[in-house]
Amino acid sequence: MSTETAPDAAPAEEPSGVASERPDTTGETVSELMSDAAARAAAWAATARAAATGAETTRTAATGSEAVGSAQTTSSAGSDGTTDRTSDDPSDAASDAGTGTVADPVRDETPAAVHPAARPLTAALLNLSGLGLGYLHLRAWVRLPVALAATAGLVWVALPIGREPIAVWWAVGYLGALALFALDAAFLARRRARRPAGPSGRRTVWSPRAAGRVAWATLAVVPLLGAGYAVTQHEVLEQHLAYDLDQAGASLESVGTAFGPFKKTYDDAYATYVGVAEGHPATRAADRVPGLVDDLYTQAKTDDPCTGLVVVRHFAEPGTPGPLQGVAEGEIPGALHDCGMRSAETGNLDMSRTYLTELLADHPASDPASAVPGDLEEWRDGVLKDLGGAKGCADTDAATASTGFLAKFDSGAVSALADEARERVPAGLLKCGVEQFERRKYLGAVQALDGLVESYPRAKEADYAERVRIAAGIALVDPKAGVRLPARDEPEGTLTLTVYNYSPDPFQMVYTGPATGVVEIDECDDCSYLAKGEEPVCSGYSLTVPSTTVTLPAGDYLTATRRESTVVGWEDVGVDNESFTADTVLCTWSSRF
C-alpha cells in the first residue's frame, strides 16, 4: 500500500521548530541554508526522530511498500541558465518524514560545504593581507588592482628606507584602506551568496575551507612586514646616527684642545650629540652620547684652569641646550677659584683679584669661596719662603706685591693676610738683598732692597736695608764699594761733615766706608747753574745756601750722587774717594752743558 501524497495536497505536519520549503511548480529549488548553526543541528535532530517514526508507521501499515529515503533534491540546469543545486536543507527531510518517506541517516551525514555566512568573514580576512586576496577569491577583477595599487603606493613611499620612518599618517591611511577593502569584500561576498552561481557552478577561486585556511595564514602578512620594516628602518637610523657621531668626534680631533679659535667646531659637535640624544633617545647611538659629551667637555677645558673658565662660562650661558648648561653653571665657582689661584701663582695678580673677587661676591656660600682665605695664605707663605733662597731675588717683586694684592680685597679674612705679610716680607727682602750683595750681584741687591725701603719704610729692617742699598748702588759705579757689607752696628761718629748745595736742584750725596748713608739737601733758590769748569765759592758758611751736617766716624769714604734713587756718580770723576779725619765742609753744584 502506497503512502505517496498528491502534488497539490496539503503538506504533512512537520516537527516543531523546523521550517520547510517546497519546490515550486517550475522545479527550481528555492530553499536556502540556515545561517544559524544551532538551528541546523536542531533541525537534523528533529529530522532523525521524524524519519524513525515514519519508518515505523509505514512498516506497520503495509508490507512491501517502497520507502523513499533520500532527503536530497537535485535540480538540473533550466532553460534560463540557472543551475539545479543539491539542497542540504533539513526541512526537505522533515517533509518526507511527514509523508511517510524515510530519510537515510548515512547519506545525510556526508560533509557539507561551509555555510555561506562564513564567506564574508573569510573574504574580509583575505583582504587584510594587503594583497587583495579577498577580491581574488571572489573573482572581483576590477577591485583587485585597486587593492594592489594601495599596497604598491605604500611601498613606493616607504622605499628606499631612510634614516627617518615614513609619516604616521601614511601607515594610518593604509590601515584605513585595508579596513575599507575588508568591509567591501565582506559585503560583496554576502550579496553573491544570495544569488545563483554561474554556469561553472563556482563563485570563488578557492573552496570555502581552503579560503579560510588561506585567510588565517595571510592575516599575519601586514604585521610581519610592518615589523620587518620597523626593525630595518631602526638599523638604518642607527647607522646614520653612528656616522653623525663619528663625524663630530673627528672634527673635534682635528682642532685639538684649542677652544677659543674653534669654538664653533665645539658647538657644532655638541649640537650633534644633543640632537641624537634628544631626537632618538631609544637608540644605541643615544647611549654613546653621555660619554662623548664628557670627552668634549674635558677636551675643551684642557688642563689650564683659566681656559677651563672660558669653556665653563660659554656652556653655562642661558639657552645652551642639553645637559652641559646645568653642569657648567654649577662649575663656575670652582672655575673662578682655580683660575684666580693659578693667576696668582703665575704673578698675574690683577687677573687673580678680579676672578677671586667675583667668586667671593657672587658665590659667597660656595665651597670654593670658603677655601679662598686658606688657599691665599698658603700661596703667600710659599712666596715669602722663596725670598733669598736658591732662586735668588727672582721672587722679590712677587713678595713685595703680595701685600698690596691681599690688602685690596674687601673680604676681611683675606685682607688680614696682608697684615701678616707686612711683618714677614721685609725680613725676606733684606735677606735676599744681602745675599745678592755678597754674590756681587749689586743690581739684584738694589732691586730687592728698593722694595723693602719703599714699601715698608717703618719696618725695623728698613734702616739697614737702606745702607746696603746705598753701598750696592755705589758698587755699581765703582766695585771697590762692594768689598764688604756695611756694618749692622756702625761706630760712633767723631767728626762732622757739612755739605752745602749751590745747585737750583735738590741734591743727594751717598757715601760708604766706616759708615754708610745719604745726605739730602734741598734746592738753592738763589743759585743758578754754573758753566762747565766753574766752581762756587765754598766759604763754609752761608745763610742763603741750604746745607746738611752729619756725624761720621773718621776714615776713608767713597762718595757719589744719587738721582731718582739711582747712583750716578759725580759728573767729573764718578765715585770720589775721600778721607775724613776732622770736621770737613763740602760744596756741591750743578753745571749746565
Side-chain angles (χ1 to χ4, degrees), residues 426 429-450 452-454 457 459-503 505-522 535-536 538 540 545-590:
L429 293 177
L430 178 60
K431 179 181 178 182
C432 173
V434 169
E435 290 184 357
Q436 291 292 85
F437 187 95
E438 291 176 339
R439 296 174 183 176
R440 297 187 178 182
K441 297 180 179 181
Y442 304 121
L443 180 59
V446 170
Q447 292 175 343
L449 298 172
D450 279 346
L452 193 161
V453 174
E454 295 176 5
K460 60 183 180 180
E461 296 87 359
D463 181 63
Y464 183 65
E466 171 66 3
R467 291 190 284 122
V468 176
R469 182 176 70 156
I470 291 172
I474 296 174
L476 286 174
V477 181
D478 188 345
K480 290 184 296 183
V483 173
R484 64 178 181 271
L485 277 168
R488 287 184 178 270
D489 297 324
E490 295 180 343
E492 295 182 0
T494 58
L495 57 87
T496 60
L497 174 64
T498 303
V499 182
Y500 290 88
N501 182 22
Y502 286 85
S503 171
D505 297 325
F507 173 77
Q508 288 184 345
M509 185 188 79
V510 292
Y511 58 90
T512 185
T516 302
V518 58
V519 178
E520 297 185 19
I521 311 172
D522 295 335
E535 296 182 6
C538 188
V545 177
S547 63
T548 297
T549 299
V550 295
T551 300
L552 300 175
D556 295 332
Y557 288 86
L558 296 175
T559 65
T561 62
R562 185 170 68 179
R563 297 172 184 172
E564 298 179 356
S565 301
T566 302
V567 176
V568 295
W570 303 109
E571 295 176 357
D572 294 332
V573 296
V575 175
D576 189 12
N577 192 350
E578 298 282 353
S579 179
F580 300 133
T581 58
D583 294 343
T584 305
V585 175
L586 291 179
C587 296
T588 63
W589 65 92
S590 296

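The first residue of the sequence shown is numbered 1, and numbering continues consecutively from there.
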Just jot down the salt bridge (charged side-chain N to carboxylate O under 4.0 Å, His left out) partners of [X], sequence neighbours excluded, or say none.
X    : result
D450 : R469
R563 : E571
K460 : none

[X] to [Y] - nearest heavy-atom pair and separation:
X    : Y    : answer
T512 : A471 : OG1-CB, 4.1 Å
A472 : Y442 : O-CB, 3.7 Å
L476 : L443 : CD2-N, 3.7 Å
P491 : P514 : CD-O, 3.8 Å
L495 : F580 : CD2-O, 3.5 Å
F437 : A445 : N-CB, 3.8 Å

[X]: which residues meet the side chain to side chain donor-acceptor pair (under 3.5 Å) condition with it, sequence neighbours left out?
X    : result
S590 : S503
N577 : none
T549 : T498

Got a donor-acceptor contact below 3.5 angstrom from the S547 side chain to the N501 backbone?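 Not a single qualifying donor-acceptor pair exists.
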
Measure from the side-chain N and O atoms of Y464 to the backbone N and O of P486, and report whether any donor-acceptor pair falls under 3.5 Å.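 Checked: pair present.
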
[X]: which residues meet the side chain to side chain contact (heavy atoms under 4.5 Å, CB included) condition with it, sequence neighbours left out?
X    : value
V519 : V499, M509, Y511, I521, T548, V550
T566 : V568
A462 : L452

Sequence neighbours left out, what pairs pass salt bridge (Lys or Arg N to Asp or Glu O under 4.0 Å) with at least one residue falling in residues 488-499?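 For residues 488-499: R467-E490.
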
Using the salt bridge (Lys or Arg N to Asp or Glu O under 4.0 Å) rule, collect all pairs that involve residues 505-515, keeping only residues at least two apart or in two chains.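 Pairs touching residues 505-515 that pass the test: none.
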
Could you measure the distance from the [atom1] atom of [X] to the [atom2] atom of [Y]? Nearest 0.5 Å is fine.
X    : Y    : atom1 : atom2 : answer
E578 : T584 : CD    : OG1   : 8.5 Å
E520 : R562 : CD    : CZ    : 7.0 Å
T588 : Y500 : OG1   : OH    : 11.5 Å
I470 : Q508 : CD1   : CD    : 8.5 Å

Evaluate the criterion side chain to side chain contact (heavy atoms under 4.5 Å, CB included) for residue pair Q436 and L449; output intermediate values, then yes/no. CA-CA 10 Å; Q436 291 292 85; L449 298 172; over 6 Å; no

Pair up each side-chain donor or acceptor in residues 551-560 with any protein partner under 3.5 Å, not counting sequence neighbours, and list the distances.
| unit_1 | atom_1 | unit_2 | atom_2 | d |
| --- | --- | --- | --- | --- |
| D556 | OD1 | S579 | OG | 2.8 |
| Y557 | OH | P553 | O | 2.5 |
| T559 | OG1 | W570 | NE1 | 3.2 |
| T559 | OG1 | D576 | O | 3.3 |

